[in-house]
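Please read the structure below before turning to the comments.
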Amino acid sequence: MPIPPASDPGALPRLRFCPAPSGWLHVGSVRAALYNVLHARRHGGTFVFRIEDTDASRATEESMRSMMEALHWIGLDWDEGPEADGGSRGPYGPYRQSLRGELYAEVARRLEEAGATYRDHRTSEELEAWRERQRQGGDGGPPVVKASTFEHSEEELTRFAEEGRPASLRLRTPESGSITVTDLVRGEVTWEWATISDPVIARSDGSATYPLANSVDDVAQGISIICRGEDLLSVTPRQVLLYGLLLTDGLLDEALAAVGLPARDPAWGAPEAFAHLPMVVGMDRKKLSKRHGSVAVQEFRRQGFLPETLRNYLALLGWAPKDGRERLNDDDLIAEFDLAAVGRSAAAFDVDKLTAFNGERIRELSEEELTDRLLPYLDGTEGDEALVDRPATDEQRAVVRGLVPLVQERMQRLDEVQRYAPAFLRDEVELDPDSVDKVFTKNGAPEAIAAARRVLADVEWTTAAIEAALRALPDELGIGFGKVAQPVRVAATGSAVSPPLFESLELLGREVSLARLDAALPVARAAQGS
RNA sequence: GCUCCCGUCGUCCAGCGGUCUAGGAUCCCACCCUUUCAAGGUGGUGACGCGGGUUCGAAUCCCGUCGGGAGUACCA
């Protein structure tokens with residue numbers, strides 16, 4: 001977003017967006033990122049972008065790059081986070097968790113020392129079998145892992161250690177009691193600790209899992225508001241528990257120092273607020289997937305949606321300003337956005353509405369601006385076919401610039417220019433068979449084309465003069481104007497659907513227009529019989 | 001199964017005990033405009049999941065019920 005962040009840290013909020021880099025950036029994730037940015041900008045805070053790639057088997061470099069590119073395209077640039085060149089920006093990095101492994105290991109070691117964790121030597125297979133038994137109702141009760149039943153005895157611990165059997169590290173959660181967290185969008189949510197499993201915070205290979213890495217970084221980087229998807233709501237209790245542990249006796253601060261990472265700002269505490277966003281679903285209320293059309297941000301770009309439209313639409317997916325306006329620019333969004341006013345129920349992604357917004361936005365653009373935005377869809381950048389050079393020549397740009405006033409008010413998406421442009425950018429026009437069938441077969445079509453060719457041969461080549469000449473034909477031929485316009489339209493543009501005729505002819509130029517009428521005449525004659 | 005979350009037009013929102021014969025946007029339909037397609041204008045169809053309470057009065061509060069979703073991983 002265009003508004004620069006305030007530079008003064010102070011008590012200003014710090015928010016983060018921290019995707020796991022596998023696959024493409026999803027529109028649901030983008031909305032979460034957007035809400036983070038809006039809140040940060042609104043309050044002059046900081047937006048941090050962090051890569052959560054602790055699972056080496058899933059994270060890919062390609063995905064990370066594509067997410068950074070997608071975020072940048074949609075206008076959600078970060079104040080702190082990784083850079084495209086592999087470096088990072090901001091004082092509390094690095095911002096890729098794969099580069100912070102030492103910190104997590106150090107924290108895990110100290111947590112274990114403090115007695116906050118215990119070792120679990122069970123294999124994944126053993127755990128799965130145990131869970132299966134629990135679900136089957138074997139020992140009764142749900143599959144909740146608790147130290148009281150899970151912690152190995154001293155003898156077992158010694159034996160496993162001697163056997164060299166690897167162990168994961170589990171966080172000890174309270175056996176009883178409850179925890180209540182206040183959520184900006186949901187109000188108070190309460191859990192019984194007895195229903196919450198002790199999470200694995202370090203895998204048996206020593207690497208950190210999400211519960212540890214995420215909590216450590218949120219505290220280490222001074223995140224004050226955690227705004228994320230509802231799918232992470234259930235993970236909140238153990239994170240709150242961890243925040244307390246990390247801040248006790250300077251555990252995290254010492255760990256940070258021990259591994260040589262930047263110290264926290266002494267003013268920072270634990271994250272002070274949560275905001276769990278409702279899910280974004282498809283129109284069938286099912287999880288968003290490829291069946292619903294596009295879900296990846298890059299796909300929207302390719303289809304000709306404008307980034308500012310996406311920002312506007314996505315902001316409204318779960319939220320609305322007090323006055324009920326819907327078309328909001330970035331300044332409006334920043335001025336009005338309020339996390340506490342976000343709705344609680346899942347929102348369906350409606351491409352039709354997005355498309356309508358996009359069309360309105362296109363109509364707001366200046367003709368110069370629209371020309372610039374259209375070029376990428378014509379030079380092969382956003383399409384398979386290149387109708388102009390990249391960069392476009394002056395002549396090519398002039399043609400597109402001339403086309404803009406003719407198409408601006410009939411476009412919903414930028415990629416639609418690919419339908420209109422060929423007739424104007426190519427020498428030859430391909431006659432659309434359906435249009436030929438519908439228009440050239442009508443009585444009088446060849447005569448209309450011939451007559452148009454005649455009167456246009458030496459008229460002054462302006463829209464007004466072309467119109468006057470063609471408007472005179474119906475009287476002469478004794479037919480309606482549509483009977484003249486449609487055949488000429490098909491002949492000149494190749495299709496029965498085109499931008500306004502007179503303007504189109506002017507843009508094509510006399511030479512091309514006459515040549516096309518000449519070429520179409522025999523086709524129209526041939527179509528008469530059929 | 002267990003835990004948590006959610007429930008107003010097809011969809012996104014408004015509504016916070018009376019002003020609701022429930023409002024806006026999008027979609028759909030009709031009409032106007034019109035050289036095609038659009039755009040634009042005007043009008044219209046369309047919703048408080050259900051059942052109990054509380055109250056003079058409930059979309060709004062409470063309980064239940066039904067329905068949907070998320071989590072239940074050494075994924076995040």
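Predicted model, so just to flag it, every value in this text is computed and none were measured. Naming convention: chains lettered A, B, ... in sequence-line order (proteins, then strands); numbering from 1 in each chain.
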Base paired to [N] (Watson-Crick or G-U; both N/O distances under 3.5 angstrom):
N     : result
B:G43 : B:C29
B:C74 : none
B:G64 : B:C50
B:U21 : none
B:U35 : none

Return yes if some donor-acceptor pair links the side-chain N/O of [X] with the main-chain N/O of [Y] below 3.5 Å, else return no.
X        : Y        : value
A:Arg96  : A:Ile51  : no
A:Lys146 : A:Ile196 : yes
A:Asp218 : A:Ile223 : no

- Task: Would you please name every residue forming a side chain to side chain donor-acceptor pair (under 3.5 Å) with A:Arg119, sequence neighbours left out?
- Result: A:Glu112
Going by distance alone, is a donor N or O of one side chain under 3.5 Å from an acceptor N or O of the other, for [X] and [Y]?
X        : Y        : answer
A:Gln221 : A:Arg50  : yes
A:Thr180 : A:Glu188 : no
A:His276 : A:Arg186 : no

- Message: Here's a test of your reading of the structure: between A:Arg238 and A:Leu501, which maps to the more 5' nucleotide of RNA chain B?
- Response: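 Looking at the nearest nucleotide for each, A:Leu501 comes out on the 5' side.
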- Message: Heavy-atom nearest nucleotide on RNA chain B for A:Pro19 versus A:Pro500: which residue maps closer to 5'?
- Response: A:Pro500
Starting at atom [atom1] of [X], determine the distance to atom [atom2] of [N], rounded to an integer number of angstrom.
X        : N     : atom1 : atom2 : answer
A:Arg228 : B:C4  : CZ    : C1'   : 14 Å
A:Arg186 : B:C4  : CZ    : P     : 14 Å
A:Leu414 : B:A38 : CG    : P     : 19 Å
A:Glu188 : B:C5  : CD    : C1'   : 15 Å
A:Met67  : B:A76 : CE    : P     : 14 Å
A:Ile362 : B:A38 : CD1   : C1'   : 12 Å
A:Lys322 : B:C16 : NZ    : P     : 12 Å
A:Met283 : B:U11 : CE    : P     : 7 Å

Give each protein N/O atom lying under 3.5 Å from an N/O atom of nucleotides 20-28 of chain B, with the pair distance.
{"unit_1": "B:G24", "atom_1": "N2", "unit_2": "A:Glu326", "atom_2": "OE2", "d": "3.1"}
{"unit_1": "B:A25", "atom_1": "O4'", "unit_2": "A:Glu326", "atom_2": "OE1", "d": "3.1"}
{"unit_1": "B:A25", "atom_1": "O2'", "unit_2": "A:Glu326", "atom_2": "OE1", "d": "2.3"}
{"unit_1": "B:A25", "atom_1": "N3", "unit_2": "A:Lys353", "atom_2": "NZ", "d": "2.9"}
{"unit_1": "B:U26", "atom_1": "O2'", "unit_2": "A:Lys353", "atom_2": "N", "d": "3.4"}

- Item | Protein-to-nucleotide contact annotation, 5' to 3' order, nucleotides 64-75 of chain B [B base; S sugar-phosphate only; - none; under 4.0 Å, heavy atom] | -----SSS-BBS
Using a heavy-atom cut-off of 4.0 Å across all strands, would you classify [X] as base, sugar-phosphate, or nothing?
X        : value
A:Thr190 : sugar-phosphate
A:Gly343 : nothing
A:Tyr313 : nothing

Expressed as a whole number of Å, how far does the [atom1] atom of [N] sit from that of [M]?
N     : M     : atom1 : result
B:A25 : B:U65 : C1'   : 33 Å
B:A14 : B:A47 : C1'   : 13 Å
B:U36 : B:G46 : P     : 33 Å
B:G24 : B:C56 : C1'   : 32 Å
B:A76 : B:U8  : C1'   : 34 Å
B:G51 : B:G7  : C1'   : 15 Å
B:C16 : B:A58 : P     : 16 Å
B:C12 : B:G53 : C1'   : 33 Å

- Checking A:Arg170 against A:Tyr118: charged group under 6.0 Å from the ring centre and within 45 degrees of the axis? no
- Message: Can you see whether A:Phe49 has A:Arg16 sitting over its ring - NZ or CZ less than 6.0 Å from the centre and within 45° of the normal?
- Response: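 Verdict for A:Phe49: no cation-pi partner in A:Arg16.
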- So, do A:Asp120 and A:Phe160 sit near enough that their side-chain heavy atoms are less than 4.5 Å apart?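 No. Closest side-chain heavy atoms not under 4.5 Å.
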What donor-acceptor contacts under 3.5 angstrom involve side-chain atoms of residues 351-361 of chain A, with partners at least two apart or in another chain?
{"unit_1": "A:Lys353", "atom_1": "NZ", "unit_2": "A:Glu326", "atom_2": "OE1", "d": "3.3"}
{"unit_1": "A:Lys353", "atom_1": "NZ", "unit_2": "A:Glu326", "atom_2": "OE2", "d": "3.1"}
{"unit_1": "A:Thr355", "atom_1": "OG1", "unit_2": "A:Val351", "atom_2": "O", "d": "2.6"}
{"unit_1": "A:Asn358", "atom_1": "OD1", "unit_2": "A:Leu306", "atom_2": "N", "d": "2.9"}
{"unit_1": "A:Asn358", "atom_1": "OD1", "unit_2": "A:Thr309", "atom_2": "OG1", "d": "3.0"}
{"unit_1": "A:Asn358", "atom_1": "ND2", "unit_2": "A:Gly304", "atom_2": "O", "d": "3.0"}
{"unit_1": "A:Asn358", "atom_1": "ND2", "unit_2": "A:Gln412", "atom_2": "O", "d": "2.7"}
{"unit_1": "A:Glu360", "atom_1": "OE1", "unit_2": "A:Arg327", "atom_2": "NH1", "d": "3.2"}
{"unit_1": "A:Arg361", "atom_1": "NE", "unit_2": "A:Glu308", "atom_2": "OE2", "d": "2.9"}
{"unit_1": "A:Arg361", "atom_1": "NH1", "unit_2": "A:Glu364", "atom_2": "OE1", "d": "2.8"}
{"unit_1": "A:Arg361", "atom_1": "NH2", "unit_2": "A:Glu308", "atom_2": "OE2", "d": "3.2"}

May I have the list of side-chain donor-acceptor pairs in residues 489-503 of chain A shorter than 3.5 Å, sequence neighbours left out?
{"unit_1": "A:Arg489", "atom_1": "NE", "unit_2": "A:Gln486", "atom_2": "OE1", "d": "2.7"}
{"unit_1": "A:Arg489", "atom_1": "NH1", "unit_2": "A:Ser498", "atom_2": "OG", "d": "2.9"}
{"unit_1": "A:Arg489", "atom_1": "NH1", "unit_2": "A:Pro499", "atom_2": "O", "d": "3.2"}
{"unit_1": "A:Thr493", "atom_1": "OG1", "unit_2": "A:Arg489", "atom_2": "O", "d": "2.8"}
{"unit_1": "A:Thr493", "atom_1": "OG1", "unit_2": "A:Ser495", "atom_2": "N", "d": "3.3"}
{"unit_1": "A:Thr493", "atom_1": "OG1", "unit_2": "A:Ser495", "atom_2": "O", "d": "3.2"}
{"unit_1": "A:Ser495", "atom_1": "OG", "unit_2": "A:Val497", "atom_2": "N", "d": "2.9"}
{"unit_1": "A:Ser495", "atom_1": "OG", "unit_2": "A:Val497", "atom_2": "O", "d": "3.1"}

- Scan residues 467-483 of chain A against RNA chain B and write down, sorted by residue number, each residue with any heavy atom closer than 4.0 Å; if none is found, say none. A:Arg471, A:Phe481
- Query: Considering only side-chain heavy atoms of A:Glu409, which listed nucleotide, B:C5, B:A38, B:U35, is closest?
  - Reply: B:A38
- Item | A:Trp130 and A:Phe150 aromatic ring geometry - parallel, tilted or perpendicular at 30°/60° bounds | perpendicular
- Verify the ring-centre separation between A:Phe300 and A:Phe349: is it less than 6.0 angstrom?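 A:Phe349 vs A:Phe300: aromatic centres under 6.0 Å.
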